[in-house]
Q: 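Here it is: the structure, laid out below.
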Number of protein chains: 2
Amino acid sequence: MEERGISRAVIGRLPRYYRYLGELLEAGVERISSSDLSKKMRVTASQIRQDLNNFGGFGQQGYGYNVKYLYTEIGKILGLNREHPIIIIGAGNLGQALANYASFEKSGFTLKGLFDVNPRLEGVSIRGIPVRMMDDLEEFLQKNEIEIAILTLPKSKAIEVAELVIENGIRAIWNFAHTDLNLPEDVIVENVHLSDSLMKLSYNISRYNEEHQK
Amino acid sequence: MEERGISRAVIGRLPRYYRYLGELLEAGVERISSSDLSKKMRVTASQIRQDLNNFGGFGQQGYGYNVKYLYTEIGKILGLNREHPIIIIGAGNLGQALANYASFEKSGFTLKGLFDVNPRLEGVSIRGIPVRMMDDLEEFLQKNEIEIAILTLPKSKAIEVAELVIENGIRAIWNFAHTDLNLPEDVIVENVHLSDSLMKLSYNISRYNEEHQK
DNA sequence: TAGATTGTTAATCGATTAACAATC
DNA sequence: TAGATTGTTAATCGATTAACAATC
C-alpha cells in the first residue's frame with residue numbers, strides 16, 4: 001500500500017499530524033478539512049493534502065477527512081498497529097521515566113524488560129517489570145522476542161552494549177547516549193540528543209535578544 | 001557578526017557540528033578539513049563549507065579549520081558562551097534526569113531551582129539544589145533572574161504553569177509536556193516530543209521489514 | 001613555488017506553495 | 001444542483017551539490 005521513496009521531510013511530519021488528530025479524536029471531532037487542520041497546526045493546507053496523498057487518498061471532496069479514519073491510517077503507516085516489544089537498558093532516572101511513560105503502550109510499544117548494572121536496583125519493579133542485572137541480558141534476549149532496545153547509558157558503555165544486543169538479534173535501537181552510534185547498515189538507529197534541542201533554544205534566545213536591543 | 005536570515009536547516013545542523021568538534025577537541029585533533037569532517041559525519045563537504053560560510057570565514061585555504069577555534073565560534077553562534085540560568089518544573093524521573101545531566105552546565109545552562117507539587121520531594125536535593133514546592137515558584141522568579149523554564153509536567157498542568165512563569169518574566173520554555181504549547185509570539189518555545197522520534201523508528205522498522213520479506 | 005583546501009558562484013535537485021479541475 | 005474541498009498538476013522557492021577561482 002505505502003509507496004517506497006517517501007521523503008524524510010514528509011515522514012518527519014507524520015507523528016505531529018498523528019498527535020493532533022489524536023487530540024481531535026479525544027475532543028470528539030468527527031471530520032476536519034485540510035484548511036482547518038492547517039490553521040490549528042500552522043502549516044499550509046496544501047502541504048497537508050500533498051503529504052497525505054503520498055500514501056493514497058484518505059479524504060473526500062467536499063467533505064474533508066474523517067478524523068478517526070485518518071488517525072488510524074497514519075498509525076498504520078507509522079507501524080503503530082503492530083506490537084513492538086521493547087526493553088530499556090539503563091534504569092536510572094531517564095530509563096525509569098521512559099518506562100513509566102504509559103502512552104508508549106497505547107502506540108504498541110510494550111515494555112518487556114528493564115536492565116541495569118546497579119545492584120541497588122535489583123528487586124525494584126516499574127509498572128510490574130523488574131529491573132534485571134546486565135548479566136542476564138544475553139539469556140533474556142535469547143528467550144524473548146524483542147524488537148527495540150532503548151539505551152539510556154553513559155557514552156562509554158553505549159557502544160559495547162549496542163554491539164551485544166545486535167549480536168543477540170536486536171534490529172532497532174533508540175539511543176539516548178550522548179554520542180551517535182554508527183552501526184551496521186541493517187540496524188535501525190534513532191539517536192536522540194536532547195542537548196541539540198536545548199542549543200536551538202539558546203540560539204533562538206540569542207537572536208531574540210539581538211533584535212530587541214536594537 | 002552573525003547575519004539575520006540564516007535558514008532553519010542550517011541552524012538545525014549546528015549542534016551536531018558542535019558535538020563532533022567537541023569530540024575531536026577531546027581527542028586532541030588540532031585541525032580538520034571539510035572533507036575529513038564530511039566523512040566522519042556522513043554529509044557532503046560542500047554542505048559543511050556552505051553552512052559555516054553563513055557566519056563568515058572560519059577556515060583557511062590550504063589548511064582547513066582549526067578545531068578549537070571553530071568549536072568556540074559555533075558555541076558563540078549558539079549562545080553557549082553566555083550563562084543561561086534555568087529552573088526545572090516537575091522533579092519526577094525526567095526532571096531529575098535532566099537536573100543530573102551535568103553536561104548542560106558545561107554549555108552554560110546552570111540550574112538555579114527545582115520545583116514540584118509532590119510534598120514527598122520536599123527536602124530532596126539534586127546536585128545541591130533543593131526541590132521547592134510550587135507555591136514558592138512565583139516569589140522565586142521575582143527574586144531570581146531566570147532565563148529558561150524547563151517543563152516536565154503532565155499535559156493538564158503544562159499550560160497554566162507556562163502562563164504563570166511567563167507572567168513572571170520567563171521568555172524561553174523547553175517543554176516536555178506531551179502537547180505543543182502555543183504561547184504569545186514573544187515567548188520562545190521548544191516542544192520536545194520523544195514519542196515522535198520513537199514513531200519514526202517504528203516507521204523505519206516497518207519499511208525495513210517490508211523490503212526484507214520481498 | 002606547488003599542493004591543498006577554502007570561499008563562493010552556478011547548476012541541480014527537491015520540497016513547498018498555488019491553482020484548479022475533478023468529484024463528493 | 002450548488003458548494004465545498006479534495007487530489008493533482010504546474011509554478012515557485014529554497015536547499016544541496018558541484019565546480020573552480022582565490023589564496024594560504
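The sequence lines fix the lettering, A, B, ..., with proteins before strands; numbering per chain opens at 1.
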Q: Which is more 5' along DNA chain D, the nucleotide nearest A:Gly62 or the one nearest B:Gln60? Just name the residue.
A: A:Gly62
Q: Under 6.0 Å between the ring centres of B:Tyr20 and B:Tyr17?
A: no
Q: Heavy-atom nearest nucleotide on DNA chain C for A:Val10 versus B:Gly57: which residue maps closer to 5'?
A: B:Gly57
Q: Taking the ring of A:Phe140 and the ring of A:Phe115, is the distance between their centroids below 6.0 Å?
A: yes
Q: To the nearest Å, how far apart are B:Asp51 CG and D:dT16 C1'?
A: 10 Å
Q: Taking pairing as Watson-Crick or G-U wobble with both contacts under 3.5 Å, can you name the mate of D:dT9, or confirm there isn't one?
A: C:dA18
Q: How many whole angstroms separate atom CD1 of A:Ile6 from atom P of C:dG14?
A: 14 Å
Q: Please determine whether a side-chain nitrogen or oxygen atom of A:Gln47 lies at a distance below 4.0 Å from atom OP1 or OP2 of C:dT16.
A: yes
Q: Ignoring hydrogens, what is the shortest heavy-atom contact between A:Ala91 and A:Leu114? Give both atom names and the distance.
A: CB-CD2, 4.1 Å
Q: Can you check whether B:Phe176 and B:His193 have ring centres sitting under 6.0 Å from each other?
A: no
Q: Nearest whole Å is fine: how far is C:dT23 C1' from A:Gln61 CD?
A: 5 Å
Q: Tell me which nucleotide, if any, is Watson-Crick or G-U wobble paired with D:dC24 when both distances must be under 3.5 Å.
A: C:dG3
Q: When we call it a touch if two heavy atoms are under 4.0 Å apart, what does B:Arg8 touch: a base, just sugar-phosphate, or nothing?
A: nothing
Q: Contact list please: residues 31-46 of chain A against DNA chain C, heavy atoms, distance less than 4.0 Å, in numerical order.
A: A:Thr44, A:Ser46
Q: Roughly, in whole Å, what's the span from CD in A:Gln50 to C1' in D:dC13?
A: 14 Å
Q: Round to a whole Å and report the spacing from CZ of B:Arg49 to P of D:dA22.
A: 16 Å
Q: Locate the shortest heavy-atom distance separating A:His178 from A:Lys155; write the atom from each residue and the value.
A: O-CE, 3.5 Å
Q: Think B:Tyr65 has a side-chain N or O under 4.0 angstrom from the OP1 or OP2 of C:dG7?
A: yes
Q: Rounded to whole Å, how long is the line connecting atom CD1 of A:Ile11 with atom P of C:dG14?
A: 16 Å
Q: Kindly compute the distance separating OG1 (A:Thr152) from CD1 (A:Ile89), expressed to the nearest 0.5 Å.
A: 9.0 Å
Q: What is the distance, to the nearest angstrom, from the CD1 atom on B:Ile48 to the C1' atom on C:dG7?
A: 14 Å
Q: CG of A:Asn53 versus C1' of D:dT6: gap in Å, rounded?
A: 8 Å
Q: Got more than 12 heavy atoms from elsewhere within 6.0 Å of CD, B:Gln142?
A: yes
